[in-house]
K.L.:
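This structure is in structure tokens; I'll ask about it shortly.
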Amino acid sequence: MRIERARGTRDFLPREMRKRRIMEARMREIAERWGYEEISTPTFELAELFTLKSGDAILKEMYEFEDKGGRHLALRPELTAPVIRMYVNELKMASKPTKVYYIGNCFRYEEPQKARYREFWQFGAEIIGSDSPEAQAEIIALAHAILQSVGITAEVHVGHVGLLRERLRAAKVEEERINTVMRLIDKGEREELIHFMNEIGVEHHVVDELLRLIDVQGEDALQAAQADNLIASASPAFKELEMLLELLTYYNVAYTLNLGIARGLDYYTGMVFEIYEVDGSLGAQNQICGGGSYRLAALFGGDDVPSTGFAFGFDRLAEIFRLDEHAMPRGDVVVVPVRERDQDNREVVKEAIQVASTLREFVRTQVDVMNRSLSAQLSYANAIRASFAVLVGKNELKEGKVTVRDLTTGMQERMSLEDCVGRIRATLR
RNA sequence: GCCGGGGUGUGGUAGCGGCUAUCCCUGGGGACUGUGGAUCCCUAGACCUGGGUUCAAAUCCCAGCCCCGGCCCCA
């Protein structure tokens, strides 16, 4: 009976895995160079960690279960909450800012479709301890640099929920209702938004201003909006955003100001940003990164530390990323024991294993495990695009040498093992 | 949860009521008892699952599962 893969999960074949590892290495490298350190949290957590943050409604989209001890657990649907939980539990005393990055698999019970799976990977980074414009700019710039490292061009959209919340507060809208408004903005439900605000008695000119505010987009839009009296110049959120945008130019990050980004979650407090893939290869799922400034730690019993961070949808990046396989050099060496038919080949096999061990100290090396003929072994070496075949047979044993065959040129030569090592080293360098 | 399009060897496919299910690629072996890529031969390997219609189903019908895409959602 054939067992199918669970719905929404994927197998990664060697080729795909190689690609993902290369991407991962490049992304890690950038994060490390920016002074971020890797952390890792458990694959499952107490379900409460996630419901606390986003309400019971998310239970239906989580893989949740009870363990044998009666604990209510869930496979993590995202990584920000666990990271902040870890900070509150173990890292409180670390010097600020605490800069971390992570990559891990997450699980959501949703309908699979293009670039959307039930098990997926996120790569993220957080600055815990700051939500200053400097921290915000750094986080956006880091995300930008990471994208560059994997050769992906995308659009960075920067918004600021503080600005919108401020405007609503000034109009005496209750906090709870502000959250609802933010969610509607995030969804882009313009009609409903207007309807809702009218219903709760928001004055018409405020509704109008807010609508114009969320339409603010583009380079000089912030100044224009201010000149238009949509934003009070004394507004702290405005000052913060202005500063952030200036810092982004120092980082040479091209961005689009988009105050319509609201990131429906209640805990975002200031800057929010999203990055979209632009050439449409991801279909409906073109958002590849999201982040912003938030306050979560207090929710998990820690101090009210401000944080700024982002998370990439790693699989979506992998979908876009094209690895040039031809640019990858041949590399392997295949050691070929030349067995004689109907004879004791132990000495030959022994020598082949020892030669392989020597070569493995510096190059990827394989030895036949199929008891194949010389011809079949060379055929295999060719199939895996190996660079060299090192032949070991009774003739070589007699002379204390090996035969090195360059599979690219077809030239071969008998030489000592030391010379063989030297030759392969020189060629593969 | 909803809507549409699909599931034939490892991958890609042909067949769309009737012969032993086609071809390419792939895996293993051989022609070639110490030399790869070419050629040829042998061999392995498939009609998603279950029901129905029919003398006869890969083919038509229904349901489920899975895949692809979209809606919703995306904490």
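Being a predicted model, the structure only gives us computed values, none of them experimental. The sequence lines fix the lettering, A, B, ..., with proteins before strands; numbering per chain opens at 1.
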K.L.:
For residues 134-145 of chain A, run the donor-acceptor check on the side chains, cut-off 3.5 Å, and write out each pair with its distance to 0.1 Å, sequence neighbours left out.
P.N.:
{"residue": "A:Glu134", "atom": "OE1", "partner": "A:Ser132", "partner atom": "OG", "Å": "3.4"}
{"residue": "A:Gln136", "atom": "NE2", "partner": "A:Asp131", "partner atom": "O", "Å": "2.9"}
{"residue": "A:Gln136", "atom": "NE2", "partner": "A:Glu240", "partner atom": "OE2", "Å": "2.9"}
{"residue": "A:Gln136", "atom": "NE2", "partner": "A:Ser293", "partner atom": "OG", "Å": "3.3"}
{"residue": "A:Glu138", "atom": "OE2", "partner": "A:Tyr36", "partner atom": "OH", "Å": "2.6"}
{"residue": "A:Glu138", "atom": "OE2", "partner": "A:Lys99", "partner atom": "NZ", "Å": "3.1"}

K.L.:
What distance, rounded to whole Å, do you find between the two C1' atoms, one in B:rG45 and one in B:rG27?
P.N.:
9 Å
K.L.:
Would you say the ring centroid of A:Phe312 lies under 6.0 angstrom from that of A:Phe310?
P.N.:
yes
K.L.:
Tell me: CD of A:Gln113 to P of B:rC71, nearest whole Å?
P.N.:
7 Å
K.L.:
Which value, in whole Å, describes the distance between the P atoms of nucleotides B:rG18 and B:rG36?
P.N.:
46 Å
K.L.:
Strictly below 4.0 Å, N to O, side chains only: are A:Glu32 and A:Arg28 in salt-bridge contact?
P.N.:
no
K.L.:
Looking at residues at least two apart in the chain, or sitting in another chain, which of them share a salt bridge (charged side-chain N to carboxylate O under 4.0 Å, His left out) with A:Glu155?
P.N.:
none
K.L.:
For nucleotides 2-5 of chain B, give me every protein contact, N/O to N/O, under 3.5 Å, one pair per line with atom names.
P.N.:
none

K.L.:
Touch check for A:Gly290, heavy atoms < 4.0 angstrom, all strands: base, sugar-phosphate only, or nothing?
P.N.:
nothing
K.L.:
So A:His157 and A:Tyr276, would you call those rings parallel, tilted or perpendicular, with 30° and 60° as cut-offs?
P.N.:
perpendicular
K.L.:
Considering only residues two or more places apart or on different chains, which pairs with a residue in residues 369-378 of chain A satisfy side chain to side chain donor-acceptor pair (under 3.5 Å)?
P.N.:
A:Arg339-A:Asn371
K.L.:
Identify whether any heavy atom of A:Tyr380 sits under 4.0 Å from a base atom; if not, whether one sits that close to sugar-phosphate; answer base, sugar-phosphate or nothing.
P.N.:
nothing
K.L.:
Give one of base, sugar-phosphate or nothing for A:Gly313, where a contact means two heavy atoms less than 4.0 Å apart.
P.N.:
nothing
K.L.:
Where along nucleotides 29-35 of chain B does protein come under 4.0 Å, by heavy atom, of base (B) or sugar-phosphate alone (S), with - for untouched nucleotides?
P.N.:
S---BBB
K.L.:
Is the A:Trp121 to A:Tyr102 ring centre distance short of 6.0 Å?
P.N.:
no
K.L.:
Would you please confirm or rule out a distance under 4.0 Å between OP1 or OP2 of B:rC67 and any side-chain N or O of A:Arg7?
P.N.:
yes
K.L.:
If the condition is ring pair (Phe, Tyr, Trp, His ring centres under 6.0 Å), which residues does A:Phe362 pass it with, not counting sequence neighbours?
P.N.:
none
K.L.:
In terms of the nearest nucleotide of RNA chain B, which residue is placed more toward the 5' end: A:Tyr117 or A:Tyr267?
P.N.:
A:Tyr117
